[in-house]
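For reference, the structure is listed below as structure tokens.
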Amino acid sequence: MASRARGWRSLPPPPLLLLLWVTGQAAPVAGLGVDPELQIERRFVPADCPRAVRSGDFVRYHYVGTFPDDRKFDSSYDRDSTFNVFVGKGQLIAGMDQALVGMCVNERRFVKIPPKLAYGSEGVSGVIPPNSVLHFDVLLIDIWNSEDQVQIHTYFKPPTCSRTIQVSDFVRYHYNGTFLDGTLFDSSHNRMRTYDTYVGIGWLIPGMDTGLLGMCVGEKRIITIPPFLAYGEHGDGKDVPGQASLVFDVVLLDLHNPKDGITVENTEVPADCARRSQSGDFLRYHYNGSLLDGTVFDSSYSRNRTFDTYIGQGYVIPGMDEGLLGVCIGERRRIVVPPHLAYGEEGRGNIPGSAVLVFDIHVIDFHNPSDSINITSHYKPPDCSVRSKKGDYLKYHYNASLLDGTLLDSTWSLGRTYNIVLGSGQVVLGMDMGLREMCVGEKRTVIIPPHLGYGEAGVDGEVPGSAVLVFDIELLELVAGLPEGYMFVWNGEVSPNLFEEIDKDGDGEVLLEEFSQYIHAQVATGKGKLAPGFEAEMIVKNMFTNQDRNGDGKVTAEEFKLKDQEAKHDEL
């Protein structure tokens, strides 16, 4: 409602019984007061009466006209239309002109008008006998003056108001539309849908265009509009009669201009911000999404899961694509997105059409698919000549956390080290890379992007998908590994009669038990070494299987061969 009418309704012709020109009597002169023979009984006076009828006002009222014996001669109710007329301009019989002065909207008066202030000795042929006393039961519905302007009463204004409605802005608001007597003629609340329109460009009745200017989102106003700034003498052709003053109780929910871009307000920026997000980065962030009036439409917190996306590549609405650029890890910011950079006129789900969206975000982490690990060494011992390499057996402590500081795991809290063979695939690739070239006693922090960690899937219940990981590491022990490709090496010269030494019973066949006893004996005496960090029996069994070339469970002299890829390190 409050838009311009597109149809018009002709009002029924006014009754003649109250019009002065029927008798030619003059209206009372302003300032002379009420004739003493005119009797006025105020049967109901509203508690609130901001304005009373004055000479020159235009009024709309209902009435029932009767004779002293209660016979009815006229009624506006029977015509289902108020009587509309100027007061004090000679358009009424003198008694009614005087009786209406001082009335409030919704006031009810019972008026007894003597003949000299009504239709006198002539009467009205066939309707009003000569010298008739007339009784009128009057209810005032509406009052306005041609000099009136739009009246604005703000009864609630939010504490903060960063912007107000200007000409050409697009607004969404709720309203109840009533006449001056409180009769409801329209309500957006009843339709459960806001009224959405441009302001100041002719899409609304003039009075509403004026009444909305300067409003803040969340503000509540009562806007009273005289008919010549509303639907005029013909009404809207449907719900609003002609010459009706209108009262709109308005709450502004949303406001933007088609020329608006996003606005960004940083609410918390970490002191340490080594890097800011760029187009092509992958972000994980939490958010609360709300409308301008504070209504929440979505929240990642309610799902207990971050929103994960690439930025600057069209994976999110344009306003968020722009608003997420230049953030720091751990930053909190508010991003306000106008509808043309969000979901437009159509909206989506529980987001109404043409809605401005407010996102309060907290950046958890971000990375780029081209990122490698980042290593920061915090302490190195004076002697750091022996450094970890592929194949070494390492024992270390660590704290594992997310970039926002959330602790995921800690060997310190468990009271035991984490032990691996470097380069054997026992840890994620980023951790394997982060442990290289480390000396015993060194402390370092290793930051691992998800493609070198646990990827998009993460670890259910432990590591979120696409999470950047932070490991604080202290290397406690390093056992040098064997050359690449070896699981057992000799520490000295290899016996030329090696097969015979293993085949203790001399039957020309070596079984797994004989082979295992011999290898363990070489390790025990220091003549041989197994690769550290692996189960010894598994290594020995694999060595035996390699020698048992026909797979019959025994090794013959013809099958038995040494691996001589390196001059000083032979392996079975």
Side-chain angles (χ1 to χ4, degrees), residues 270-278 281-284 306 308 328-331 363-459 461-481 484 532-533:
D272 182 19
C273 183
R275 173 181 167 186
R276 293 181 179 272
S277 61
Q278 301 174 353
D281 285 343
F282 190 89
L283 263 72
R284 296 194 312 117
T306 57
D308 308 337
C328 303
I329 291 168
E331 182 175 336
V363 180
I364 303 301
D365 70 30
F366 63 81
H367 73 279
N368 195 282
S370 62
D371 288 347
S372 185
I373 64 169
N374 180 274
I375 298 175
T376 303
S377 183
H378 304 291
Y379 171 77
K380 287 184 180 180
D383 180 11
C384 193
S385 56
V386 179
R387 296 171 181 262
S388 58
K389 64 183 183 305
K390 184 177 181 180
D392 288 350
Y393 182 60
L394 307 181
K395 294 184 178 181
Y396 60 94
H397 270 308
Y398 70 83
N399 283 327
S401 61
L402 302 177
L403 278 181
D404 66 349
T406 301
L407 186 66
L408 300 176
D409 192 17
S410 174
T411 57
W412 276 289
S413 64
L414 296 174
R416 61 175 184 269
T417 59
Y418 198 79
N419 310 329
I420 67 159
V421 176
L422 199 58
S424 64
Q426 295 176 348
V427 289
V428 295
L429 181 58
M431 189 63 166
D432 203 298
M433 297 166 64
L435 289 166
R436 304 285 177 109
E437 294 294 315
M438 198 172 182
C439 54
V440 173
E442 183 177 348
K443 299 178 182 179
R444 60 171 55 170
T445 297
V446 181
I447 299 177
I448 303 174
H451 52 275
L452 297 175
Y454 292 99
E456 294 182 12
V459 178
E462 298 181 34
V463 180
S466 300
V468 179
L469 304 178
V470 180
F471 285 90
D472 292 309
I473 302 168
E474 180 180 0
L475 184 59
L476 301 182
E477 186 176 339
L478 183 157
V479 179
E484 188 171 353

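Not measured: the values here are computed from a predicted model.
Shown here for M438 and I473, the closest heavy-atom pair between the two residues is CE-CG2, 3.8 Å. In this structure, P381 and C384 approach most closely via the heavy-atom pair O-CB, 3.8 Å. Looking at every heavy atom in both residues, P450 comes nearest to H367 through CG-CE1, 3.0 Å. Scanning both residues, M433 and I375, for their nearest heavy atoms gives O-CD1, 4.3 Å. Of all non-hydrogen atoms in A480 and K389, the two that sit nearest each other are CB-NZ, 4.3 Å. Contact detail for S372 and P449: the closest heavy-atom pair is O-CD, 3.6 Å.
The shortest side-chain heavy-atom distance between E474 and W412 falls under the 4.5 Å cut-off. In this structure, K390 and R436 have side chains that are in contact, with non-hydrogen atoms separated by less than 4.5 Å. The shortest distance between side-chain heavy atoms of L394 and Y418 does not fall below 4.5 Å. At least one side-chain heavy atom of F471 sits under 4.5 Å from a side-chain heavy atom of I448. With a 4.5 Å cut-off on side-chain heavy atoms, D365 and L402 do not count as touching. In this structure the side chain of Y393 never reaches within 4.5 angstrom of the side chain of L478, judged on heavy atoms. Using a 4.5 Å heavy-atom threshold, the side chains of V479 and D392 count as separate. A heavy-atom distance below 4.5 Å is found between the side chains of L408 and V463.
A donor-acceptor contact under 3.5 angstrom links the side chains of D409 and Y398, judged on distance only. A donor-acceptor pair shorter than 3.5 Å can be found between the side chains of H397 and T411. R284 and T306 share a side-chain donor-acceptor pair at under 3.5 Å. Using modelled atom types, one finds a donor on one side chain and an acceptor on the other under 3.5 Å when comparing S410 with N399.
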Hey, mind stepping through E331 and R276 against side-chain contact (heavy atoms from CB on, under 4.5 Å) and telling me if it holds? CA-CA 10 Å; E331 182 175 336; R276 293 181 179 272; 3.8 Å; yes
Between T445 and D472, is the side-chain hydrogen bond (donor to acceptor under 3.5 Å, both in side chains) condition met? List the steps. CA-CA 4 Å; T445 297; D472 292 309; 2.6 Å; yes
For side-chain contact (heavy atoms from CB on, under 4.5 Å), just list the numbers for V421 and Q426, CA-CA rounded to whole Å, side-chain angles, deciding distance to a tenth of an Å, and then say yes or no. CA-CA 7 Å; V421 176; Q426 295 176 348; 4.1 Å; yes
Residue pair I420, Y396: steps toward the side-chain contact (heavy atoms from CB on, under 4.5 Å) verdict: CA-CA 9 Å; I420 67 159; Y396 60 94; 4.0 Å; yes
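Side chain of D432 to backbone of G423: a donor-acceptor contact under 3.5 angstrom is found. Side chain of R275 to backbone of F366: no donor-acceptor contact under 3.5 angstrom is found. Using a distance-only test at 3.5 Å, with no hydrogens or angles considered, a donor-acceptor pair links the side chain of E442 to the main chain of C439. At least one donor-acceptor pair under 3.5 Å links the side chain of S388 to the backbone N or O of E437.
Note that OG of S370 and CG of D281 are 8.0 Å apart. Values are rounded to the nearest 0.5 Å. Note that the CG atom of L429 and the NE2 atom of H451 stand 9.5 Å from one another [nearest 0.5 Å]. Here the straight-line distance linking atom CG of L407 with atom OG of S413 works out to 7.0 Å at 0.5 Å rounding. To the nearest 0.5 angstrom, D308 atom CG is 5.0 Å from F282 atom CZ. How far CG of L403 is from CG of L469: 8.0 Å, rounded to the nearest 0.5 Å.
The one candidate from I373, D371, V468 that meets the side-chain contact (heavy atoms from CB on, under 4.5 Å) condition with I447 is V468.
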